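Okay, structure first, notes after.
This is a predicted model, so every value here is computed, not measured. Sequence lines set the chain letters: A, B, ... in the order given, protein chains first and strands last, and positions in each chain run from 1.
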Protein chains: 2
Amino acid sequence: MKKYNIPVEAALEVIGGKWKVVILCHLIKGKKRTSELKRLMPGITQKMLTQQLRELEEDNVILREVYNQVPPKVEYSLTDYGWSLKQILDLLCHWGEQHIEKTFDNPEDMVVQINEE
Amino acid sequence: MKKYNIPVEAALEVIGGKWKVVILCHLIKGKKRTSELKRLMPGITQKMLTQQLRELEEDNVILREVYNQVPPKVEYSLTDYGWSLKQILDLLCHWGEQHIEKTFDNPEDMVVQINEE
DNA sequence: CGGAATCCCCCAAGATACTG
DNA sequence: CAGTATCTTGGGGGATTCCG
């Protein structure tokens, strides 16, 4: 059985993956298709995206809904348990924004705008 | 200049390291010597500890105080900027505790107790 | 005691191609 | 469109040694 030296390690095991917090931050905005997530995260590969999504699903943080149709359609959303992370995710996003403003002269240049619509 | 696709990536760049959140959670409890941190984190190597501490220091999140004496003594503590992460760290710790309770039958078995005194 | 410097291994993660 | 399979690589990170 896995042992933790400090309880926070249990949280990191769930959301500590390289892309997991980013994925969850996007899903806070609402249900997303695989291709939407890929577009929102230009740096991620198909393989990593699938892998991280699977792990989040196994930890009961996100829900995967498959529509049996051609072409395939899969949607991801937060579960109730996933929503229990909302405050943490919001604070992280906010802290990130502040950090950008604090650190750089032209913070608006730091964020690549992606049209969500 | 580094670009982010979403501001939260800036936060992850600061506290996203493998051990950084754990280190910061310990420092919330107060100033710590290097050897204390090592004892609190049995899994970390000297190299990783130093490396993660340096990066946190560079990001102005922690303060490194060197006492010029033999044997050497170095203490680490949160800076004011580091304290701006307190709420996030507290929530993460709390979520970790809840997650352990939710997931396992005997949660108390999951945490290796370490005498802080 | 704290940490810098080496050596080195392994696997996380990228690239590519393929499938239903 | 979503996901799998295979191959490859770089650098994250472990172990060890040396230093003030």
Side-chain angles (χ1 to χ4, degrees), chain A residues 2-3 5 9 12-24 26-27 30-59 61-77 114-117, chain B residues 2-5 9 12-24 26-27 30-59 61-77 114 116-117:
Chain A
K2 185 81 167 66
K3 297 278 185 178
N5 295 296
E9 291 178 359
L12 296 177
E13 198 151 288
V14 176
I15 62 167
K18 186 176 182 181
W19 300 91
K20 288 179 183 174
V21 166
V22 176
I23 291 171
L24 295 174
H26 284 306
L27 292 184
K31 196 175 288 191
K32 291 276 184 295
R33 293 187 59 168
T34 310
S35 54
E36 290 180 285
L37 288 173
K38 222 182 304 186
R39 188 171 49 81
L40 292 168
M41 297 181 283
I44 200 171
T45 60
Q46 168 74 53
K47 179 181 156 187
M48 282 308 298
L49 179 59
T50 303
Q51 181 180 310
Q52 301 280 297
L53 287 168
R54 286 292 181 285
E55 292 178 11
L56 288 170
E57 191 189 0
E58 281 168 24
D59 285 323
V61 169
I62 67 172
L63 177 69
R64 178 170 182 262
E65 290 174 288
V66 183
Y67 297 77
N68 279 318
Q69 62 185 46
V70 178
K73 176 178 173 181
V74 179
E75 286 183 332
Y76 295 92
S77 55
I114 296 179
N115 183 0
E116 295 232 11
E117 302 312 316
Chain B
K2 184 82 170 66
K3 296 278 187 179
Y4 302 109
N5 295 297
E9 291 178 359
L12 295 177
E13 200 153 286
V14 176
I15 62 167
K18 187 177 181 181
W19 300 92
K20 288 180 183 174
V21 166
V22 175
I23 291 171
L24 294 175
H26 285 305
L27 292 184
K31 197 175 287 193
K32 293 273 185 298
R33 295 186 58 167
T34 310
S35 52
E36 291 181 284
L37 287 173
K38 223 182 300 185
R39 188 171 49 80
L40 292 168
M41 299 182 282
I44 200 171
T45 60
Q46 167 74 53
K47 180 180 158 185
M48 283 309 298
L49 179 58
T50 303
Q51 182 181 309
Q52 302 280 295
L53 287 168
R54 286 292 179 285
E55 292 178 11
L56 289 170
E57 191 189 1
E58 281 170 24
D59 285 324
V61 169
I62 66 172
L63 177 68
R64 179 169 183 262
E65 289 173 287
V66 183
Y67 296 77
N68 279 319
Q69 62 184 46
V70 179
K73 176 177 172 181
V74 179
E75 286 184 330
Y76 295 93
S77 56
I114 295 180
E116 295 233 10
E117 302 312 315

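When the C1' atom of C/dG2 is taken as reference, atom CD of B/E36 falls 13 Å away, rounded to whole Å. Spacing between atom CD of B/E65 and atom P of C/dG2 amounts to 14 Å, rounded to whole angstrom units. Note: NZ (B/K32) to C1' (C/dG2) measures 18 Å, nearest angstrom. Summarising the geometry, the separation between CD on A/E57 and P on D/dA2 is reported as 15 Å, rounded to the nearest angstrom. As rounded to whole Å, 15 Å separates atom P of C/dC1 from atom CG of B/L37. Straight-line distance from the CZ atom of A/R39 to the P atom of D/dA2: 12 Å, rounded to whole Å. Going from atom CZ of B/R54 over to atom P of C/dG2 covers 12 Å, rounded to whole Å. Residue A/E75 contributes atom CD, which lies 9 Å from atom P of D/dA2 at whole-angstrom precision.
Within 4.0 Å of B/Y67, counting heavy atoms only, lies no atom of the nucleic acid at all.
A salt bridge does not link A/E75 to A/R64: none of the charged side-chain nitrogens sits closer than 4.0 Å to a carboxylate oxygen. Salt bridge annotation for B/K31-B/E65: present, with a cationic side-chain nitrogen under 4.0 angstrom from a carboxylate oxygen.
What you find for B/I15 and B/K20 is that their closest heavy atoms are O-CB, 3.9 Å.
Between B/L56 and B/I23, the closest side-chain pair of non-hydrogen atoms falls below 4.5 Å.
Among D/dG3, C/dG3, D/dC1, the nucleotide with an atom closest to any side-chain atom of B/Y76 is C/dG3. Comparing D/dG3, C/dG3, D/dC1 against the side chain of A/V74 picks out D/dG3 as the nearest. Considering only the side chain of B/R33, C/dC1 comes nearest among C/dC1, D/dA2, C/dG3.
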Margin query: Checking B/K32 against B/L40 for the side chain to side chain contact (heavy atoms under 4.5 Å, CB included) test, could you report, in this order, the C-alpha distance in whole Å, the side-chain angles of both residues, the deciding distance, and whether it holds?
Written below: CA-CA 10 Å; B/K32 293 273 185 298; B/L40 292 168; 3.6 Å; yes
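Side chain to side chain, A/Y76 and A/E57 fail the donor-acceptor criterion of an N or O pair below 3.5 Å.
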Note to self: Return a single string for nucleotides 13-20 of chain C, one symbol per nucleotide in 5' to 3' order, where B is base contact, S is sugar-phosphate-only contact and - is none, cutoff 4.0 angstrom on heavy atoms.
What the structure shows: BBB----B
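Contact annotation: B/T50 does not reach the phosphate of C/dA4 (side-chain N/O to OP1 or OP2, under 4.0 Å).
The distance from atom CG of B/L37 to atom CD of B/Q52, rounded to the nearest 0.5 Å, is 12.0 Å.
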